[in-house]
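Report on one structure; see the data block that follows.
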Protein chains: 2
Amino acid sequence: MRRKITLKDIARELEVSISTVSKALKNSEEIGRDTKEKVQAFAKLYNYKPNNIAISLKNKHTRNIGVVIPDIVHHFFTTVFRGIEKYANSRGYNVIVCVSDDSFNKEVINMEMLANGSIDGFILSLAAETLDKGDFNHLKQIREQGIPLVCFDRTTTEVDCDRVIINDTDISFEVVKKLIGDNRRKIGLVTNVGFGDVSDKRERGYKNALEENGLPFDENLVLRLAYHDVEEEVIAEFFKSREVDAVLCVNEIFAIHCLGIVQNLGYSVPDDIAFVGFSDGILSKFSRPTLTSVAQHGDQMGQIAAEILIEKIEAELEENEIETYRTEIIQATLIERGSTRN
Amino acid sequence: MRRKITLKDIARELEVSISTVSKALKNSEEIGRDTKEKVQAFAKLYNYKPNNIAISLKNKHTRNIGVVIPDIVHHFFTTVFRGIEKYANSRGYNVIVCVSDDSFNKEVINMEMLANGSIDGFILSLAAETLDKGDFNHLKQIREQGIPLVCFDRTTTEVDCDRVIINDTDISFEVVKKLIGDNRRKIGLVTNVGFGDVSDKRERGYKNALEENGLPFDENLVLRLAYHDVEEEVIAEFFKSREVDAVLCVNEIFAIHCLGIVQNLGYSVPDDIAFVGFSDGILSKFSRPTLTSVAQHGDQMGQIAAEILIEKIEAELEENEIETYRTEIIQATLIERGSTRN
DNA sequence: AAAAATTACGAAAACGGTTTCGTGTTAATA
DNA sequence: TATTAACACGAAACCGTTTTCGTAATTTTT
């Protein structure tokens, strides 16, 4: 088995110094033509490739970015990830992924692990538990070490970092306004407990739209579910007793669950009840009826997060650190499908 | 901004040598009690953590594994990835993901990139284009460099490496046998063009089951689709003219597409046509009717792939290289749901 | 022909660790 | 008291690069 060849090997074979080899391979003006050609030919013949680790140690940066997300088996996060990976790759960066599993401890441990030299910066969506706890010391520490950090979707304002989010309040407002325009009057909201300001904002948009259109907000029309175990009976009970004629669900999985349940209860969608979900994943496109959904443009979020991060990383390398933080707001869009067609 | 502290910093502050600090932190017997306590206390106070890159360079291994997959926005691959990440993490390894996008070039470039010291081993599912081309030189090179490689799902036998696959032929056979047992007689197959031996094996199982039960194989009952653009009219035409009473689809997306189309054509599922898909993703659970599907146990595949890889990596470190290659076969299972209930 | 400038290369330090080996001090043994 | 052993630590090599600086040998300039 042919081990990887190093500068030292080439130097030994060609009876020149390591420095000469290094320079020759970079086409340095310092080295004579003959020597350069000899070294380059030899390197090519033996397929020399510099060792990334050695270069990282020398340069004090790795061209790796760390991505920490709550869940990878989740359409939204994977699209964001795809956006990150694609852009990062085009810029010569690799991506190390860690899954926090919505656990505070895993998030902390993974980030500490990576922060010890493995990555040049982080892209992060916070674990549910971290949001609940409200403990962001691990992020603050990372920032203190001068490691750039971009948060997306599930973020916090308690840490100095860049952010990429969608216009949750506005789009939620727009959706509900549209439902009202479609002559829906008893509009329900299916949301989750926790998850910080994402859900809060969507709820605020919902309330604002009701208010602005003279409809009363009724807590009875709000169903609050635990994300990780959806209770069918609770949902069925809600729809049997509330007589809503439209529902906004803050995520796709809630929407699809509810859709199935109300259909089993004998309601017709969209005639009896209109449905709108968030995050426009694969389920929305293939459910029956197809689901009207708010596209969060995960690819775009990922790309922008990566752009911002790499910009910070490279500014830091140039020693002109950027001390201001951006919050980029992606415009979500409503994709209308069968579940709201009148 | 407090930069990371190094051994050198501690040594300077405490007026001892770097070696002493290093040994003290590893609780070496060589160092006296007082010195150890002093060093450890200081290190703790300043939150010293060794630099991963420096350790990697010294040890010649990184505790990173490279995962190269065709697509990340794909339920099966994400479940495999989750299995890998979970196990790898529990063993103190990190995971670098590269997406080949089913492109040969991207696969080659990404792997060459990572092979230069960034990772200790690869877990790979081949790009469609690579399978088409039949060019596996990049994998052979990686093996020649002594880098361990585990392939899963889309694999090749032309490279000396470990493999994790499912019992495609058998499970396909079982499924068709079951359909025949359910009194289905005109059983169609929806498969794709390309994708190497995965599709081939599933087709073989299908044929074997027909043959063994005295049913004729009819090429007219086989619909071959391009994975990346599914043509609705072709599918509709197929179902209008063929009068199949059951269909086996080699992946979930084909199944869901076809399911929708036949329902629009006025057929009832499962009464007129029974449907079975592969890979039991999220769509299967939420379609109407729910889809009977072959579970490929992605988590398990990922975990086993990671187990095998890490075993190889660590054996290599101990200098007792393992020169034999395993092919681990995961037993797929059929999850029966609405699309086949009689 | 002497001085200055250019060319072509090598030595060595640096990145941040680990590890082997050598050595001065003290304690135990003959 | 002389010899040996144990203890506690430091120097230095090493991992594979990059880069600064020094310097012979040659060429150019005066």
Side-chain angles (χ1 to χ4, degrees), chain A residues 3-40 42-43 46-64 113 115-120 145-146 316-317, chain B residues 3-40 42-43 46-64 113 115-120 145-146 316-317:
Chain A
R3 282 275 160 208
K4 282 246 130 182
I5 192 177
T6 68
L7 288 185
K8 195 195 267 189
D9 299 328
I10 302 182
R12 192 180 347 94
E13 290 302 314
L14 263 37
E15 297 183 302
V16 292
S17 76
I18 293 180
S19 1
T20 302
V21 177
S22 175
K23 290 170 192 164
L25 290 175
K26 320 201 98 176
N27 236 318
S28 159
E29 291 303 321
E30 256 181 280
I31 305 298
R33 245 189 29 155
D34 295 0
T35 312
K36 270 204 269 196
E37 282 174 5
K38 192 174 62 173
V39 171
Q40 288 172 1
F42 191 92
Y46 286 94
N47 192 31
Y48 169 79
K49 294 278 165 49
N51 179 308
N52 294 332
I53 298 293
I55 292 180
S56 292
L57 180 59
K58 180 70 185 154
N59 294 350
K60 310 187 88 167
H61 71 122
T62 60
R63 297 194 88 81
N64 286 152
M113 176 98 224
N116 297 316
S118 298
I119 51 91
D120 298 337
Q145 289 169 32
E316 217 185 30
L317 289 180
Chain B
R3 284 272 161 210
K4 283 246 128 182
I5 192 176
T6 69
L7 287 186
K8 195 195 266 188
D9 299 329
I10 302 182
R12 188 179 353 91
E13 290 303 312
L14 264 37
E15 300 184 302
V16 292
S17 76
I18 294 180
S19 2
T20 302
V21 177
S22 176
K23 289 170 192 163
L25 291 175
K26 320 200 98 175
N27 236 319
S28 158
E29 291 303 320
E30 258 183 280
I31 305 298
R33 250 193 21 161
D34 294 0
T35 312
K36 269 204 271 195
E37 281 174 4
K38 191 175 60 173
V39 171
Q40 288 172 0
F42 190 92
Y46 286 93
N47 193 29
Y48 169 78
K49 293 278 165 53
N51 179 306
N52 294 331
I53 298 292
I55 292 179
S56 293
L57 181 59
K58 178 69 183 155
N59 294 350
K60 311 187 85 170
H61 72 121
T62 60
R63 295 194 90 82
N64 285 153
M113 176 98 224
N116 297 317
S118 299
I119 51 89
D120 297 337
Q145 289 170 32
E316 215 184 31
L317 288 180

Among [options], which nucleotide has an atom closest to any side-chain atom of [X]?
| X | options | result |
| --- | --- | --- |
| A:Ile31 | C:dG16, D:dC9, C:dC9 | C:dC9 |
| A:Leu57 | C:dT18, C:dG16, D:dT20 | C:dG16 |
| A:Ile18 | D:dT18, C:dA11, D:dG16 | D:dT18 |
| B:Lys60 | D:dC15, C:dG16, D:dA11 | D:dC15 |
| B:Ile55 | C:dT18, C:dC15, C:dA11 | C:dT18 |
| B:Glu30 | D:dG16, D:dG10, C:dT19 | D:dG10 |

Does [X] contact [N] through a side-chain donor or acceptor facing the base, at a distance under 3.5 Å?
| X | N | value |
| --- | --- | --- |
| B:Lys23 | D:dG10 | yes |
| A:Lys58 | D:dT17 | no |
| B:Ser19 | D:dA11 | yes |

Length of the line joining B:Arg12:CZ and C:dA14:P, which is rounded to integer Å:
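Rounded to the whole Å, the gap is 12 Å.
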Quickly work out the B:His61 NE2 to C:dT18 P distance and round it to whole Å.
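Distance, rounded to whole Å: 12 Å.
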Under 3.5 Å, side chain of [X] to main-chain N/O of [Y], donor-acceptor pair present?
| X | Y | value |
| --- | --- | --- |
| A:Asn51 | A:Ile53 | yes |
| A:Asn52 | B:Asn116 | yes |
| A:Ser22 | A:Ile18 | no |

Which atom pairs, donor and acceptor, lie under 3.5 Å between side-chain atoms of residues 32-40 of chain A and protein residues at least two apart or in another chain?
{"from": "A:Lys36", "atom 1": "NZ", "to": "A:Asn27", "atom 2": "OD1", "distance (Å)": "3.3"}
{"from": "A:Lys36", "atom 1": "NZ", "to": "A:Ser28", "atom 2": "O", "distance (Å)": "3.1"}
{"from": "A:Gln40", "atom 1": "NE2", "to": "A:Ala24", "atom 2": "O", "distance (Å)": "3.0"}

Checking all strands, does A:Ser56 fall into the base, sugar-phosphate, or nothing category for heavy-atom contacts under 4.0 angstrom?
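The residue A:Ser56 makes no contact with any strand.
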Name the nucleic acid region contacted by A:Thr6, choosing base, sugar-phosphate or nothing; use a 4.0 angstrom heavy-atom cut-off, strictly under.
sugar-phosphate
Does a nitrogen or oxygen in the side chain of A:Lys8 sit under 4.0 Å from OP1 or OP2 of D:dC15?
yes
